[in-house]
Amino acid sequence: MYFPTAGIECNPFIPFGAALCISFFTSMGGISGAFLLLPFHMSVLGYVNPSVSATNQFFNILACPPGVWRYWREGRLIWPLALTVAAGTLPGVFLGALIRVNWLPDPDKFKIFAGLVLLYVGARMARSVWKGRRAESQDMQPHGAPAVSAVSPASGNADRCAGPDAPASCCRVLQWNTRSLSFAFQEKKHVVSTPKLALLSLVVGLIGGVYGIGGGAIMAPFLVSFFALPVYAVAGATLFATFLTSVAGVSFYSLLAPMYPGMAIAPDWRMGILVGLGGMCGMYLGARCQKHVPATALKCLLTAILLFTALRYLGQAF
């Protein structure tokens with residue numbers, strides 16, 4: 001199959017299968033996998049023109065909803081957390097795109113900064129796993145364990161989490177205001193500062209806008225490492241924020257395309273639909289299987305993803 005905007009020809013099952021496999025594993029940690037799909041496009045398929053970033057974000061638009069829906073259905077999508085992250089991320093996307101176009105046509109210096117930040121967070125999480133501090137594994141309970149019995153309407157899952165038959169993985173929002181967000185997950189209380197969360201989301205959105213990724217690869221490890229939130233509770237929120245970020249990114253790239261007629265900027269819709277369909281399948285299956293994977297294993301997955309991304313950025317910069 002020929003992809004006109006990308007300017008390449010390949011078997012359609014190759015990008016579909018790659019997107020499915022990548023999304024299956026990364027969605028377990030609340031990551032769409034677009035940042036891993038980008039080097040696949042460039043190194044394996046030879047898709048190297050600027051539109052690859054927009055195509056990657058279009059992949060997020062198609063791939064994220066099945067995973068988000070699955071987390072919501074299981075009562076693990078915390079709407080206050082998702083909306084706070086999204087509210088902070090979206091302005092950063094536009095700021096990042098403006099910085100990329102006007103001040104960072106050659107982003108080597110920024111890649112060094114981003115790589116060092118990711119390397120620090122990855123090392124911090126790796127140290128936590130190495131020392132055997134398995135706070136997340138303590139959240140794991142047998143399927144017969146008592147679930148949180150009530151859910152605040154703010155969580156968006158009250159009808160699924162109330163009553164004796166509520167799933168053990170249900171989340172209950174305790175408080176959400178301009179100062180803090182607190183929720184209970186498997187009878188353990190978690191509290192996060194709303195201003196700090198919004199500020200972090202702004203920075204993540206800025207990085208995502210500059211490099212053309214959804215930002216979940218950065219946001220999820222930060223939530224787990226710095227705010228000590230359980231992977232099982234943040235995955236749905238970061239996927240939802242990635243979806244909104246990608247909608248904004250694709251829209252902005254499409255608006256920029258007519259201003260640069262000699263450059264391929266808009267997404268390759270054919271390629272985007274193909275990898276998006278693969279991502280849909282992978283996201284749904286990954287979200288369905290996540291609760292059966294030990295929390296420590298998910299931490300190791302996020303650590304590996306962080307270190308891989310950091311070393312890739314630093315390697316490109318140097």
Side-chain angles (χ1 to χ4, degrees), residues 5-6 15 19 22-23 26-27 30-42 47-68 82-105 107 110-111 114 118 198 200-220 222 237-260 263-280 283 309 313:
T5 304
I22 290 173
S23 298
T26 58
S27 64
I31 302 171
S32 72
F35 79 103
L36 287 178
L37 195 62
L38 185 65
F40 170 80
H41 274 144
M42 300 180 67
Y47 183 5
V48 295
N49 65 49
S51 69
V52 67
S53 295
T55 302
N56 240 34
Q57 291 186 334
F58 183 67
F59 156 81
N60 284 335
I61 294 176
L62 295 182
C64 288
V68 172
L83 294 177
T84 303
V85 171
T89 301
L90 288 175
V93 172
F94 295 107
L95 287 175
L98 291 174
I99 291 174
R100 178 68 178 90
V101 172
N102 295 290
W103 292 288
L104 284 177
F110 194 79
K111 280 188 177 181
L118 292 173
L200 173 63
S201 302
L202 179 66
V203 175
V204 169
L206 188 147
I207 296 174
V210 171
Y211 292 109
I213 58 176
I218 304 172
M219 195 68 200
F222 265 113
T238 53
L239 278 181
F240 180 75
T242 296
F243 169 76
L244 293 181
T245 300
S246 299
V247 170
V250 169
S251 301
F252 193 77
Y253 274 109
S254 299
L255 291 174
L256 283 178
M259 303 177 188
Y260 300 88
M263 186 182 300
I265 295 179
D268 187 308
W269 303 108
R270 188 177 297 181
M271 175 66 77
I273 291 174
L274 194 60
V275 295
L277 291 175
M280 279 184 180
M283 285 281 181
T309 307
Y313 280 177

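The figures here come from the full heavy-atom set of this structure, side chains too, leaving out hydrogens, waters and symmetry mates.
- When all heavy atoms of Leu62 and Gly272 are compared, the closest pair comes out as CD1-O, 3.8 Å.
- The side-chain heavy atoms of Pro267 and Gln57, taken from C-beta on, include no pair separated by under 4.5 Å.
- Counting only heavy atoms from C-beta outward, the side chains of Val93 and Phe252 never approach each other to under 4.5 Å.
- Judged as a side chain to side chain donor-acceptor pair (under 3.5 Å), and not counting sequence neighbours, Thr5 has no contacts.
- Among residues two or more places apart in sequence or in another chain, the side-chain contact (heavy atoms from CB on, under 4.5 Å) test is passed with Pro66 by Met280, Tyr284.
- Going from atom CZ of Phe59 over to atom CG of Leu277 covers 10.5 Å, rounded to the nearest 0.5 Å.
- Judged as a ring pair (Phe, Tyr, Trp, His ring centres under 6.0 Å), and not counting sequence neighbours, the contacts of Phe222 are Phe226.
- The side chain to side chain donor-acceptor pair (under 3.5 Å) check on Ser201 picks up nothing, with sequence neighbours excluded.
- Listed by chain and number, the residues in a ring pair (Phe, Tyr, Trp, His ring centres under 6.0 Å) with Phe240 are Trp79 (sequence neighbours excluded).
- Atom CH2 of Trp269 and atom CG of Leu274 lie 15.0 Å apart (nearest 0.5 Å).
- We find the OG1-CG distance between Thr89 and Leu200 to be 8.0 Å, quoted to the nearest 0.5 Å.
- Qualifying side-chain contact (heavy atoms from CB on, under 4.5 Å) partners for Ala266, counting only residues two or more places apart in sequence or in other chains: Ala257.
- Scanning for side-chain contact (heavy atoms from CB on, under 4.5 Å) contacts around Val247 gives Ile61, Phe243, Ser251, with sequence neighbours left out.
- In this structure, Ser23 has no side chain to side chain donor-acceptor pair (under 3.5 Å) partners at least two apart in sequence or on a different chain.
- Here the straight-line distance linking atom CG of Asn60 with atom OG1 of Thr55 works out to 11.5 Å at 0.5 Å rounding.
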